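Below is one structure, written out as C-alpha coordinates, with a few remarks after it.
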Amino acid sequence: MPVPVSQAWTVASYVLGQKLRGVKRYPLVLMLEPLFRCNLSCAGCGKIQYPDHILNKRLTPQQCWDATDECGAPMVSIPGGEPLIHPEIDSIVEGLVARKKYIYLCTNALLLKRKLDLFKPTKYLTFSIHMDGLEPEHDAAVCRDGTYQVALEAIKEAVARGFRVTTNTTLFEGTNPARVREFFDAMMKLNVEGMMLSPGYSYQKAPDQEHFLGRERTKKLFQEILKGRKKSWKFNLSPNFLEFLQGNVDYDCTPWGNPTYNVFGWQKPCYLLQDGYVPTFKELMSDTMWENYGQKSGNVKCRDCMVHCGYEASSVDDTFGSLPGFARTVKAAIAYGT
Amino acid sequence: MPQADKHALPSHKPGSIEHTTLSCTDAASRQNALTTAFDYRGDITLDLNDGKKVIGFVFRYDENPGQVHLFVVHGKDSIPQIVPADTITAVHFTGEDTAFGKSWDDWTTKAEKERVKEAARLARESVARGEL
(Lines give C-alpha, C1' and ligand atoms only; values in the text may rest on other atoms or scores of the structure.)
Protein backbone atom coordinates (compact mmCIF):
# COMPACT_ATOMS: atom_id res chain seq x y z
CA MET A 1 0.00 0.00 0.00
CA PRO A 2 1.82 3.17 -1.17
CA VAL A 3 0.13 5.62 1.23
CA PRO A 4 0.90 5.13 4.95
CA VAL A 5 -1.97 3.77 7.03
CA SER A 6 -1.91 6.90 9.19
CA GLN A 7 -2.53 9.09 6.15
CA ALA A 8 -5.31 6.85 4.84
CA TRP A 9 -6.88 6.87 8.31
CA THR A 10 -6.60 10.67 8.61
CA VAL A 11 -8.27 11.21 5.25
CA ALA A 12 -10.94 8.57 5.84
CA SER A 13 -11.89 9.92 9.27
CA TYR A 14 -11.91 13.49 7.95
CA VAL A 15 -14.21 12.63 5.04
CA LEU A 16 -16.49 10.50 7.20
CA GLY A 17 -16.66 13.34 9.73
CA GLN A 18 -17.77 15.74 6.99
CA LYS A 19 -20.37 13.22 5.80
CA LEU A 20 -21.73 12.65 9.30
CA ARG A 21 -22.04 16.41 9.83
CA GLY A 22 -23.92 16.66 6.55
CA VAL A 23 -21.33 18.93 4.94
CA LYS A 24 -22.00 18.80 1.22
CA ARG A 25 -18.92 20.69 0.06
CA TYR A 26 -15.63 20.20 1.85
CA PRO A 27 -11.98 20.61 0.81
CA LEU A 28 -9.76 17.57 0.56
CA VAL A 29 -6.43 18.99 -0.60
CA LEU A 30 -5.34 22.61 -0.29
CA MET A 31 -3.40 23.68 -3.36
CA LEU A 32 -0.96 26.16 -1.89
CA GLU A 33 1.01 28.14 -4.45
CA PRO A 34 3.59 30.18 -2.53
CA LEU A 35 4.98 31.69 -5.75
CA PHE A 36 4.56 31.58 -9.52
CA ARG A 37 8.26 31.85 -10.41
CA CYS A 38 9.76 28.71 -11.92
CA ASN A 39 13.27 27.74 -13.00
CA LEU A 40 11.84 25.97 -16.03
CA SER A 41 9.76 27.53 -18.77
CA CYS A 42 7.73 24.67 -20.20
CA ALA A 43 5.98 25.63 -23.43
CA GLY A 44 2.23 25.83 -22.93
CA CYS A 45 2.39 26.15 -19.15
CA GLY A 46 -0.49 28.24 -17.82
CA LYS A 47 1.00 28.99 -14.42
CA ILE A 48 4.07 31.10 -15.02
CA GLN A 49 3.13 33.70 -17.60
CA TYR A 50 3.11 36.89 -15.56
CA PRO A 51 5.01 40.16 -15.40
CA ASP A 52 8.16 40.12 -13.24
CA HIS A 53 6.62 42.01 -10.32
CA ILE A 54 4.05 39.20 -9.97
CA LEU A 55 6.63 36.44 -10.46
CA ASN A 56 8.72 38.03 -7.71
CA LYS A 57 5.92 37.80 -5.15
CA ARG A 58 6.15 35.18 -2.39
CA LEU A 59 3.56 34.14 0.16
CA THR A 60 4.99 34.43 3.66
CA PRO A 61 5.07 31.33 5.88
CA GLN A 62 2.39 32.94 8.05
CA GLN A 63 0.13 33.47 5.01
CA CYS A 64 0.62 29.81 4.09
CA TRP A 65 -0.22 28.60 7.59
CA ASP A 66 -3.22 30.92 7.91
CA ALA A 67 -4.60 29.66 4.60
CA THR A 68 -4.06 26.08 5.75
CA ASP A 69 -5.85 26.70 9.05
CA GLU A 70 -8.67 28.54 7.31
CA CYS A 71 -9.17 25.76 4.78
CA GLY A 72 -8.89 22.82 7.17
CA ALA A 73 -8.11 20.18 4.52
CA PRO A 74 -6.03 17.24 5.81
CA MET A 75 -3.63 17.37 2.86
CA VAL A 76 -1.67 20.26 1.37
CA SER A 77 -0.16 20.19 -2.09
CA ILE A 78 2.50 22.81 -2.73
CA PRO A 79 2.84 23.43 -6.47
CA GLY A 80 3.84 26.70 -8.10
CA GLY A 81 5.99 27.87 -9.83
CA GLU A 82 8.83 25.92 -8.32
CA PRO A 83 8.37 25.82 -4.53
CA LEU A 84 12.03 25.08 -3.82
CA ILE A 85 12.88 28.56 -5.13
CA HIS A 86 10.96 30.04 -2.19
CA PRO A 87 13.59 31.16 0.36
CA GLU A 88 11.38 30.10 3.27
CA ILE A 89 10.03 26.85 1.92
CA ASP A 90 11.58 24.93 4.83
CA SER A 91 9.72 27.12 7.36
CA ILE A 92 6.48 26.74 5.42
CA VAL A 93 6.84 22.95 5.44
CA GLU A 94 7.86 22.88 9.12
CA GLY A 95 4.73 24.81 10.09
CA LEU A 96 2.53 22.49 8.07
CA VAL A 97 4.15 19.41 9.59
CA ALA A 98 3.52 20.90 13.05
CA ARG A 99 -0.15 21.09 12.02
CA LYS A 100 0.01 17.38 11.07
CA LYS A 101 -0.89 18.06 7.46
CA TYR A 102 0.13 15.56 4.81
CA ILE A 103 2.18 17.62 2.39
CA TYR A 104 2.95 16.96 -1.27
CA LEU A 105 5.74 19.30 -2.26
CA CYS A 106 5.58 19.33 -6.07
CA THR A 107 8.96 20.03 -7.60
CA ASN A 108 10.86 19.63 -10.84
CA ALA A 109 13.73 18.52 -8.56
CA LEU A 110 16.34 20.76 -10.16
CA LEU A 111 17.13 22.18 -6.71
CA LEU A 112 16.11 19.19 -4.63
CA LYS A 113 19.51 17.56 -4.06
CA ARG A 114 20.97 20.90 -3.01
CA LYS A 115 18.08 21.69 -0.66
CA LEU A 116 17.42 18.29 0.90
CA ASP A 117 19.32 19.25 4.05
CA LEU A 118 16.63 21.84 4.76
CA PHE A 119 14.08 19.09 5.39
CA LYS A 120 13.69 16.17 7.76
CA PRO A 121 12.12 12.90 6.64
CA THR A 122 8.65 12.51 8.11
CA LYS A 123 5.50 10.68 7.18
CA TYR A 124 3.89 14.10 6.67
CA LEU A 125 6.20 15.22 3.85
CA THR A 126 6.31 13.75 0.35
CA PHE A 127 8.36 15.12 -2.52
CA SER A 128 6.20 14.82 -5.60
CA ILE A 129 8.62 14.93 -8.50
CA HIS A 130 7.49 16.21 -11.86
CA MET A 131 8.45 13.52 -14.38
CA ASP A 132 6.63 13.55 -17.70
CA GLY A 133 8.16 10.37 -19.09
CA LEU A 134 11.49 8.79 -19.90
CA GLU A 135 14.48 11.02 -20.64
CA PRO A 136 13.67 12.16 -24.20
CA GLU A 137 9.96 12.70 -23.46
CA HIS A 138 10.57 14.47 -20.15
CA ASP A 139 13.30 16.76 -21.43
CA ALA A 140 11.18 17.62 -24.46
CA ALA A 141 8.12 18.32 -22.29
CA VAL A 142 10.00 20.71 -20.01
CA CYS A 143 11.94 22.26 -22.92
CA ARG A 144 15.38 21.72 -21.41
CA ASP A 145 17.88 18.91 -21.96
CA GLY A 146 19.45 17.30 -18.93
CA THR A 147 16.46 17.85 -16.63
CA TYR A 148 15.52 14.17 -16.42
CA GLN A 149 18.97 13.13 -15.23
CA VAL A 150 19.06 15.83 -12.55
CA ALA A 151 15.62 14.77 -11.30
CA LEU A 152 16.63 11.10 -11.38
CA GLU A 153 19.67 11.76 -9.17
CA ALA A 154 17.56 13.83 -6.79
CA ILE A 155 14.98 11.04 -6.48
CA LYS A 156 17.70 8.52 -5.65
CA GLU A 157 19.17 10.81 -3.02
CA ALA A 158 15.80 11.63 -1.43
CA VAL A 159 14.76 7.97 -1.33
CA ALA A 160 18.15 6.98 0.13
CA ARG A 161 17.74 9.59 2.87
CA GLY A 162 14.37 8.17 3.86
CA PHE A 163 12.04 10.76 2.37
CA ARG A 164 8.70 9.83 0.92
CA VAL A 165 8.95 10.34 -2.84
CA THR A 166 6.30 10.07 -5.54
CA THR A 167 6.32 11.03 -9.18
CA ASN A 168 3.81 13.32 -10.81
CA THR A 169 3.17 12.84 -14.52
CA THR A 170 1.01 14.85 -16.88
CA LEU A 171 0.11 13.26 -20.19
CA PHE A 172 -0.66 15.21 -23.36
CA GLU A 173 -1.79 14.55 -26.91
CA GLY A 174 0.63 12.30 -28.76
CA THR A 175 1.68 10.25 -25.73
CA ASN A 176 2.94 6.78 -26.62
CA PRO A 177 1.35 4.27 -24.18
CA ALA A 178 4.18 1.77 -24.55
CA ARG A 179 6.74 4.39 -23.54
CA VAL A 180 4.62 5.36 -20.52
CA ARG A 181 4.62 1.72 -19.41
CA GLU A 182 8.42 1.65 -19.73
CA PHE A 183 8.52 4.85 -17.71
CA PHE A 184 6.46 3.24 -14.92
CA ASP A 185 8.98 0.40 -14.75
CA ALA A 186 11.86 2.88 -14.53
CA MET A 187 10.22 4.88 -11.75
CA MET A 188 9.31 1.84 -9.67
CA LYS A 189 12.93 0.65 -9.89
CA LEU A 190 13.87 3.87 -8.09
CA ASN A 191 11.74 2.73 -5.14
CA VAL A 192 9.38 5.67 -5.28
CA GLU A 193 6.33 5.26 -3.08
CA GLY A 194 3.90 5.64 -5.93
CA MET A 195 3.11 7.46 -9.15
CA MET A 196 0.54 10.16 -9.77
CA LEU A 197 -0.95 10.53 -13.23
CA SER A 198 -3.20 13.06 -14.81
CA PRO A 199 -4.18 14.19 -18.27
CA GLY A 200 -3.09 17.75 -18.99
CA TYR A 201 -5.51 20.63 -18.91
CA SER A 202 -5.88 23.38 -21.45
CA TYR A 203 -5.56 26.40 -19.16
CA GLN A 204 -7.97 29.12 -20.14
CA LYS A 205 -5.19 31.69 -20.13
CA ALA A 206 -2.40 29.38 -21.17
CA PRO A 207 -0.55 30.04 -24.38
CA ASP A 208 -1.44 26.59 -25.65
CA GLN A 209 -4.86 25.22 -26.46
CA GLU A 210 -3.96 22.54 -28.98
CA HIS A 211 -2.08 19.76 -27.24
CA PHE A 212 -4.41 18.74 -24.50
CA LEU A 213 -6.44 15.57 -24.54
CA GLY A 214 -10.15 15.43 -25.17
CA ARG A 215 -12.29 13.23 -22.92
CA GLU A 216 -12.64 10.19 -25.21
CA ARG A 217 -8.97 10.32 -26.18
CA THR A 218 -8.04 10.48 -22.49
CA LYS A 219 -10.04 7.35 -21.70
CA LYS A 220 -8.55 5.46 -24.64
CA LEU A 221 -5.01 6.49 -23.73
CA PHE A 222 -5.36 5.43 -20.09
CA GLN A 223 -6.99 2.14 -21.10
CA GLU A 224 -3.97 1.43 -23.30
CA ILE A 225 -1.48 2.47 -20.64
CA LEU A 226 -3.10 0.48 -17.82
CA LYS A 227 -4.09 -2.59 -19.84
CA GLY A 228 -2.61 -5.72 -18.17
CA ARG A 229 -0.93 -3.46 -15.62
CA LYS A 230 2.03 -4.86 -13.73
CA LYS A 231 1.75 -5.62 -10.04
CA SER A 232 4.98 -3.72 -9.48
CA TRP A 233 3.33 -0.43 -10.50
CA LYS A 234 2.12 1.53 -7.49
CA PHE A 235 -0.09 4.56 -7.94
CA ASN A 236 -0.47 7.35 -5.44
CA LEU A 237 -4.03 7.90 -6.52
CA SER A 238 -7.47 6.81 -5.47
CA PRO A 239 -8.21 3.52 -7.29
CA ASN A 240 -11.55 4.93 -8.40
CA PHE A 241 -9.78 7.85 -10.07
CA LEU A 242 -7.83 5.37 -12.18
CA GLU A 243 -11.11 3.70 -13.08
CA PHE A 244 -12.52 7.11 -14.00
CA LEU A 245 -9.59 7.89 -16.27
CA GLN A 246 -10.29 4.70 -18.20
CA GLY A 247 -13.98 5.47 -18.50
CA ASN A 248 -15.05 2.60 -16.24
CA VAL A 249 -16.87 4.90 -13.85
CA ASP A 250 -18.33 8.35 -14.43
CA TYR A 251 -17.98 11.27 -12.05
CA ASP A 252 -18.68 14.95 -12.18
CA CYS A 253 -16.05 17.38 -11.01
CA THR A 254 -15.62 18.40 -7.38
CA PRO A 255 -14.04 21.82 -7.93
CA TRP A 256 -14.15 22.73 -4.22
CA GLY A 257 -12.19 19.56 -3.36
CA ASN A 258 -8.81 21.14 -4.14
CA PRO A 259 -9.16 24.84 -3.34
CA THR A 260 -6.27 27.03 -4.44
CA TYR A 261 -4.57 29.81 -2.51
CA ASN A 262 -1.83 31.97 -4.01
CA VAL A 263 -0.46 35.52 -4.13
CA PHE A 264 -3.80 36.76 -5.52
CA GLY A 265 -5.93 35.13 -2.78
CA TRP A 266 -8.40 32.23 -3.03
CA GLN A 267 -8.85 31.32 -6.67
CA LYS A 268 -12.35 30.86 -8.10
CA PRO A 269 -13.40 28.19 -8.80
CA CYS A 270 -10.51 25.71 -8.90
CA TYR A 271 -6.82 25.11 -9.44
CA LEU A 272 -7.16 25.30 -13.21
CA LEU A 273 -9.66 28.04 -13.91
CA GLN A 274 -9.14 31.65 -12.92
CA ASP A 275 -12.55 33.29 -12.82
CA GLY A 276 -11.48 35.61 -10.03
CA TYR A 277 -10.15 35.75 -6.49
CA VAL A 278 -11.60 36.33 -3.04
CA PRO A 279 -9.78 37.15 0.19
CA THR A 280 -11.21 34.37 2.38
CA PHE A 281 -11.86 30.67 2.07
CA LYS A 282 -15.35 31.24 3.45
CA GLU A 283 -16.13 33.61 0.57
CA LEU A 284 -14.71 31.12 -1.92
CA MET A 285 -17.08 28.44 -0.67
CA SER A 286 -20.13 30.68 -0.28
CA ASP A 287 -19.79 33.06 -3.26
CA THR A 288 -18.71 30.70 -6.03
CA MET A 289 -21.52 29.60 -8.32
CA TRP A 290 -20.44 25.97 -8.15
CA GLU A 291 -23.33 24.84 -10.34
CA ASN A 292 -21.63 26.62 -13.25
CA TYR A 293 -18.64 24.26 -13.16
CA GLY A 294 -17.95 20.62 -13.92
CA GLN A 295 -18.60 18.65 -17.06
CA LYS A 296 -22.31 18.25 -16.36
CA SER A 297 -22.78 22.01 -16.03
CA GLY A 298 -22.16 22.36 -19.76
CA ASN A 299 -19.37 24.86 -19.13
CA VAL A 300 -17.10 24.55 -22.17
CA LYS A 301 -14.02 25.21 -20.02
CA CYS A 302 -14.84 22.03 -18.08
CA ARG A 303 -15.89 19.91 -21.05
CA ASP A 304 -12.64 18.00 -21.61
CA CYS A 305 -11.19 18.23 -18.13
CA MET A 306 -10.48 14.94 -16.33
CA VAL A 307 -7.70 16.30 -14.19
CA HIS A 308 -6.66 14.86 -10.86
CA CYS A 309 -7.42 18.06 -8.90
CA GLY A 310 -11.06 17.99 -9.96
CA TYR A 311 -11.85 14.30 -9.92
CA GLU A 312 -9.69 12.74 -7.20
CA ALA A 313 -11.96 14.38 -4.62
CA SER A 314 -15.00 13.02 -6.52
CA SER A 315 -13.64 9.49 -6.31
CA VAL A 316 -12.82 9.84 -2.60
CA ASP A 317 -16.30 11.22 -1.96
CA ASP A 318 -17.75 8.26 -3.85
CA THR A 319 -15.78 5.87 -1.65
CA PHE A 320 -17.34 7.21 1.52
CA GLY A 321 -20.68 8.28 0.09
CA SER A 322 -22.36 4.91 -0.31
CA LEU A 323 -21.82 1.18 0.15
CA PRO A 324 -21.60 0.58 -3.63
CA GLY A 325 -18.98 3.34 -3.79
CA PHE A 326 -17.00 1.72 -1.01
CA ALA A 327 -17.30 -1.68 -2.69
CA ARG A 328 -16.08 -0.17 -5.99
CA THR A 329 -13.06 1.24 -4.17
CA VAL A 330 -12.18 -2.04 -2.49
CA LYS A 331 -12.47 -3.89 -5.79
CA ALA A 332 -10.34 -1.34 -7.63
CA ALA A 333 -7.81 -1.15 -4.79
CA ILE A 334 -7.26 -4.89 -5.00
CA ALA A 335 -6.87 -4.65 -8.77
CA TYR A 336 -4.35 -1.78 -8.60
CA GLY A 337 -2.58 -2.82 -5.43
CA THR A 338 -3.13 0.68 -4.01
CA MET B 1 -14.39 38.86 -25.43
CA PRO B 2 -13.69 35.78 -27.54
CA GLN B 3 -9.99 35.13 -28.17
CA ALA B 4 -10.51 35.47 -31.91
CA ASP B 5 -11.99 38.97 -31.50
CA LYS B 6 -9.18 40.04 -29.24
CA HIS B 7 -6.72 38.89 -31.84
CA ALA B 8 -8.53 40.93 -34.45
CA LEU B 9 -7.47 44.15 -32.71
CA PRO B 10 -4.65 46.04 -34.42
CA SER B 11 -1.35 45.17 -32.78
CA HIS B 12 2.37 45.52 -33.34
CA LYS B 13 2.52 41.77 -32.66
CA PRO B 14 0.01 39.95 -34.87
CA GLY B 15 -2.00 37.63 -32.64
CA SER B 16 -1.44 39.68 -29.50
CA ILE B 17 -3.29 42.66 -28.10
CA GLU B 18 -0.08 44.12 -26.67
CA HIS B 19 0.16 47.91 -27.28
CA THR B 20 -3.52 48.21 -28.18
CA THR B 21 -6.19 50.29 -26.45
CA LEU B 22 -9.83 49.66 -25.62
CA SER B 23 -11.95 52.71 -24.81
CA CYS B 24 -14.70 52.68 -22.20
CA THR B 25 -17.38 54.89 -23.69
CA ASP B 26 -20.41 53.05 -22.32
CA ALA B 27 -21.27 50.11 -20.04
CA ALA B 28 -20.82 47.50 -22.77
CA SER B 29 -17.44 48.77 -23.95
CA ARG B 30 -16.26 49.14 -20.33
CA GLN B 31 -17.33 45.55 -19.60
CA ASN B 32 -15.48 44.34 -22.70
CA ALA B 33 -12.33 46.32 -21.89
CA LEU B 34 -12.17 45.21 -18.26
CA THR B 35 -12.88 41.57 -19.02
CA THR B 36 -10.13 41.65 -21.63
CA ALA B 37 -7.79 43.33 -19.12
CA PHE B 38 -8.53 40.57 -16.59
CA ASP B 39 -7.66 37.92 -19.19
CA TYR B 40 -4.46 39.69 -20.26
CA ARG B 41 -1.17 38.21 -18.99
CA GLY B 42 0.69 41.50 -18.84
CA ASP B 43 0.50 44.93 -17.22
CA ILE B 44 -2.08 47.42 -18.38
CA THR B 45 -2.49 51.16 -17.98
CA LEU B 46 -5.88 52.53 -16.93
CA ASP B 47 -6.95 56.06 -17.83
CA LEU B 48 -9.20 57.46 -15.12
CA ASN B 49 -11.82 60.19 -15.48
CA ASP B 50 -9.83 62.55 -13.23
CA GLY B 51 -6.91 62.43 -15.67
CA LYS B 52 -4.80 60.09 -13.56
CA LYS B 53 -3.24 56.84 -14.80
CA VAL B 54 -2.84 53.53 -12.97
CA ILE B 55 -0.32 50.94 -14.18
CA GLY B 56 -0.49 47.36 -12.97
CA PHE B 57 -1.66 43.78 -13.37
CA VAL B 58 -5.39 43.07 -13.13
CA PHE B 59 -5.99 39.91 -11.11
CA ARG B 60 -9.63 40.35 -10.28
CA TYR B 61 -12.60 42.09 -11.87
CA ASP B 62 -15.93 42.13 -10.08
CA GLU B 63 -18.83 43.27 -12.24
CA ASN B 64 -21.02 43.81 -9.17
CA PRO B 65 -19.94 46.06 -7.61
CA GLY B 66 -17.86 47.29 -10.53
CA GLN B 67 -14.33 47.02 -9.15
CA VAL B 68 -10.98 46.27 -10.69
CA HIS B 69 -8.32 44.76 -8.40
CA LEU B 70 -4.75 45.32 -9.52
CA PHE B 71 -1.21 44.91 -8.31
CA VAL B 72 0.01 48.41 -9.06
CA VAL B 73 3.64 48.70 -10.07
CA HIS B 74 5.60 50.43 -7.32
CA GLY B 75 9.30 50.47 -8.15
CA LYS B 76 10.37 46.84 -8.56
CA ASP B 77 7.48 45.63 -6.43
CA SER B 78 3.72 46.05 -6.72
CA ILE B 79 0.97 46.70 -4.21
CA PRO B 80 -2.75 45.87 -4.30
CA GLN B 81 -5.21 48.60 -5.23
CA ILE B 82 -8.90 48.68 -6.09
CA VAL B 83 -10.19 50.99 -8.81
CA PRO B 84 -13.93 51.65 -9.29
CA ALA B 85 -14.84 50.45 -12.77
CA ASP B 86 -16.98 53.48 -13.57
CA THR B 87 -13.97 55.81 -13.22
CA ILE B 88 -12.07 54.06 -16.03
CA THR B 89 -12.16 55.71 -19.44
CA ALA B 90 -9.66 53.52 -21.32
CA VAL B 91 -7.49 50.42 -20.97
CA HIS B 92 -4.08 50.38 -22.66
CA PHE B 93 -2.36 47.02 -22.95
CA THR B 94 1.05 48.52 -22.31
CA GLY B 95 2.96 45.69 -20.65
CA GLU B 96 4.47 42.71 -22.43
CA ASP B 97 1.94 39.98 -23.27
CA THR B 98 3.84 37.31 -21.33
CA ALA B 99 1.85 34.42 -22.77
CA PHE B 100 2.38 35.44 -26.36
CA GLY B 101 4.56 33.16 -28.51
CA LYS B 102 4.91 30.57 -25.76
CA SER B 103 2.60 27.84 -26.98
CA TRP B 104 3.78 24.29 -27.61
CA ASP B 105 3.40 24.90 -31.33
CA ASP B 106 5.48 28.08 -31.12
CA TRP B 107 8.18 26.04 -29.38
CA THR B 108 8.20 23.04 -31.68
CA THR B 109 8.11 25.07 -34.88
CA LYS B 110 11.28 26.89 -33.90
CA ALA B 111 14.47 25.60 -35.44
CA GLU B 112 16.46 23.25 -33.19
CA LYS B 113 19.28 25.79 -33.00
CA GLU B 114 16.87 28.47 -31.84
CA ARG B 115 15.34 26.18 -29.20
CA VAL B 116 18.75 25.30 -27.79
CA LYS B 117 19.65 28.99 -27.67
CA GLU B 118 16.41 29.94 -25.94
CA ALA B 119 16.64 27.10 -23.40
CA ALA B 120 20.20 28.17 -22.59
CA ARG B 121 19.11 31.80 -22.17
CA LEU B 122 16.27 30.84 -19.82
CA ALA B 123 18.62 28.63 -17.80
CA ARG B 124 21.16 31.49 -17.54
CA GLU B 125 18.42 33.84 -16.32
CA SER B 126 17.40 31.30 -13.63
CA VAL B 127 21.04 30.96 -12.54
CA ALA B 128 21.38 34.73 -12.37
CA ARG B 129 18.34 34.89 -10.08
CA GLY B 130 19.86 32.16 -7.90
CA GLU B 131 17.17 29.66 -8.86
CA LEU B 132 19.34 26.95 -10.38
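Here the structure is a predicted model, which is why all the values come from computation and not from measurement. Residue numbering restarts at 1 for every chain, and letters A, B, ... go by the order of the sequence lines.
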Looking at A:Phe119 versus A:Phe127, is the centre-to-centre ring distance below 6.0 Å? yes

Note: vs chain A, highest number of non-hydrogen pairs under 4.5 angstrom among B:Asp43, B:Val73, B:Val116, B:Leu122 is B:Asp43

Residue from B:Gly130, B:Ala123, B:Ala119, B:Ala120 scoring the most non-hydrogen pairs under 4.5 Å with chain A is B:Ala123

Who wins among A:Cys143, A:Ser41, A:Gly265 for the most heavy-atom pairs under 4.5 Å with chain B? A:Cys143

B:Tyr61 ring center within less than 6.0 Å of B:Phe38 ring center: no

Using non-hydrogen atoms and a 4.5 Å limit, figure out which bit of A:Cys38 sits close to chain B: side chain, backbone, both or neither. backbone

Determine yes or no for a side-chain-to-main-chain donor-acceptor pair under 3.5 angstrom, with A:Thr169 supplying the side chain and A:Met131 the backbone. yes

Which bit of A:Val150 is near chain B, if near means a heavy-atom gap under 4.5 Å: side chain, backbone, both or neither? neither

Start with the C-alpha distance between A:Asp117 and A:Lys115, add both sets of side-chain angles, then the distance that settles salt bridge (charged side-chain N to carboxylate O under 4.0 Å, His left out), and finish with yes or no. CA-CA 5 Å; A:Asp117 286 339; A:Lys115 298 220 170 181; over 6 Å; no

Any carboxylate oxygen within less than 4.0 angstrom of a Lys/Arg side-chain nitrogen, looking at A:Glu88 and A:Arg58? no

Heavy-atom proximity to chain A below 4.5 Å, by part of B:Arg129: side chain

Check A:Asp275 with A:Lys301, please: is the shortest side-chain N to carboxylate O separation under 4.0 Å? yes

Part of A:Lys268 lying under 4.5 Å from any heavy atom of chain B: neither

